[in-house]
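The shown structure was predicted, so the numbers you read here are calculated from the model rather than taken from an experiment. In each ligand, atom 1 is the first atom listed, and ligand 1 is the first ligand listed. When reading the values below, keep in mind they use all heavy atoms of this one structure, side chains included, and skip hydrogens, waters and symmetry mates.
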Amino acid sequence: VTVTVSATASHAIPTTLWGQMYEDISFSGDGGLYAELLRNRAFQRVTPGTVASLVGWQAVNGASIAVVAESEPVSNALPNALRLTVPAGSTAQVGVANTGYFGIKVTADTTYKASFHYRFPSSTSSGSLSATLSLQSTAGRVFGSTSVSLSRSTSWARVAADLTATESAGDTSNLFVISVDGAEAAGETVSLAMLSLFPPTFRGRENGLRIDLAEALEEMGPAFFRFPGGNNLEGQTVDRRWQWNATVGPLVDRPGRQGDWSYINTDGLGLLEYLEWCEDLNMIPIMGIWAGYALGGTSVPQSQLGPYIQQAADQINFVIGDPATSEAAALRARLGRPEPFALEYVEVGNEDFIGSAPGTYTYRWRDIVTALQAQFPDIHFIASTIPWNPVLTPVPTHYDVHVYQTPTWFAQNSFFYDDFQRNGTLYFEGEYAAISTNPNNIFGSPAQGRLVYPTMQSAAGEAAFMTGLERNSDIVFAAAYAPLIGHATNNQWTPNLLAFDAGQVYKSTSFYVQKFFSHNRGDEYIPSTLPARTGTLYWSVVRKTSTSEIIIKVINTAATVAPVTFELPFANVASTGTAEVLTGGGTTSNTPSSPNAIVPVTSTIATGQTFDYNAPPVSVSVLTFVAP
Ligand SMILES: [NH3+][C@H]1C[C@H](O)[C@@H](O)[C@@H]1CO
């Protein structure tokens, strides 16, 4: 194939083009990106006395433990506590242990921050009781410990201590243990609430993020961050929706909620943490607001939308409002951030093309956007229905389009936006991923063709589709693979861009494709010979003006080498350039047992006004060279 590159750019590429869609799914937040190591740390939303109420916790050396609804709870938001009773006659170290989110990683010379609230509901003895906090293997090997003194007060007290591990654990089957001397505390009962154990966090932020996951997300070079969902914004019922105000302030004041992916969300990773994360990575937020539809199928009647619109206005004011005129902004100031964050995009709901949602989105969109656009004229509101169906007023300026399909579908639909009208509407390809090789059952099980991890074939299909998003980035302003993160085994959705477990992060083939495009976005699109719409070879040409570089992405989805000749109209094309190539067996994935099966390889290639390139079978190549 000969590709003739034109001399002039067709359009500027939006700096927002490649970014991340995030929601707490498959323990991507609690147990994943959010660094809290203790599972069920505050017994939020559990029913006392049930087995589920003790998930993550186990008794040590004969202690009796139970979650109870405290007569005097530690806070209004956290009604439950764990009651630990030391049996009479015990002499060992008696207490309670937490198993973490499917394990706890312990690294030598690392300082962990432990804290918890406690009270002795019926104090019998006076004086204080010494407690030992330790990290140990399930076999009892102690990697680090410290001791704290518990006053026997009947009212709630908080204790915090650093715990340094002096050696690393060989695996992640480890426990965080709180124990007391059985003889000293025989017969006594202590209530424990809002327990927490943090490892070092990304940029050392308090209540922060797990370093290896945060660094992997940073490595991708995202330009935006969509949060808090996705389904997890919506709630199965109206009262289980995500509510911004329940996710800010002291952790003892955050009630948590039953998330939409089967597990309880602590909401320890909340609105302020999301916004600080966006600033840390220089990403623009694309913030979701709840739009009156719960996933169980309930739409708030039009006459009752008022309070939810107000809650959304407060959410936006928490982000950009003036503390002098908005209570929500004044709360932001009290939490240490008087100046506003940057916010340009607000998405109204999520996937309102599902079930009965479109039918009510007509009034939900109208009433929400009419009210909020008047208050926030500089915000772009993004509609989450199928473009133009149903017809909406006010006419949306932005739509969020989602697609989950097969690798072949992505390769053969890279012209999806070429035929869209250029009428000023902009599109957010808010969620896309090749997730199954079975076109007749996209969302089925692995036995039915569902991918557990991205493969080289799925990543190449996505890359082909992304050359189309680049070509059409005059109307596509942002795009994100979804889901972003998922636990390798405890998940509700596969494949994920990043998989992880308590020990490490696994970067997929699709992750490297996202990284390739984000780091090589360029700032203007250079038209060239169009690829065959349903062929197996795709390309896109961009210019990075700051370095006078031409960047050509070449995607070969075929199992045979694809020779390409590029003809450039530029005078001084460098004679050599670099090629970053991701290639491998079509069905090969990076997995926990083969985490680096397919990784990018960089080499030098011959370039020039006319040059040949042989795209390897099933490959994604990024060719970069100077052409001033
Ligand atoms: N069903 C997908 C669509 C929804 O928005 C996400 O929560 C899900 C996983 O990315």
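A 6.0 Å sphere centred on CG of Asn282 holds no more than 12 heavy atoms belonging to other residues, nucleotides or ligands.
Among protein heavy atoms, atom 4 (C) of ligand 1 sits closest to Asn231 OD1, 3.2 Å. Counting only heavy atoms of the protein, atom 5 (O) of ligand 1 lies nearest to Glu431 OE2, 2.7 Å. Tyr404 OH, 2.8 Å is the protein heavy atom nearest to atom 10 (O) of ligand 1.
Checked by distance only, ligand 1 and Glu23 come closer than 3.5 Å through their nitrogen or oxygen atoms. Of the polar atoms of Trp493, none of the N or O atoms is found under 3.5 Å from an N or O of ligand 1, judged by distance alone.
Close approach to Glu351 involves these atoms of ligand 1, each under 4.0 Å from a residue heavy atom: 3 (C), 4 (C), 5 (O). For ligand 1 and Trp261, the ligand atoms under 4.0 Å from any heavy atom of the residue are 7 (O), 8 (C).
When heavy-atom distances to ligand 1 are checked against a 4.0 Å cut-off, Asn232 has no atom that comes that close, whether in backbone or side chain.
Using a cut-off of 4.0 Å between Lys/Arg side-chain N and Asp/Glu carboxylate O, Lys105 and Asp501 are scored as not salt-bridged.
Using a 30° and 60° split on the angle between ring planes, Tyr432 and Phe410 fall in the tilted class, from 30° to 60°. Taking the six-membered ring for Trp and thresholds of 30 and 60 degrees, Phe318 and Trp244 have ring planes inclined between 30 and 60 degrees apart.
Tested against Ile284 for a side chain to side chain contact (heavy atoms under 4.5 Å, CB included), the candidates Glu344, Arg226, Glu279 yield a single pass: Glu344.
Neither side chain, Thr50 nor Thr47, offers a donor N or O lying under 3.5 Å from an acceptor on the other.
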### Task
Applying side chain to side chain donor-acceptor pair (under 3.5 Å), run through Gln311 and Arg241 and close with a yes or a no.
CA-CA 12 Å; Gln311 188 171 32; Arg241 70 194 185 281; 2.9 Å; yes

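Pro483 counts as a contact of ligand 1, since one of its heavy atoms falls under 4.0 Å from the ligand.
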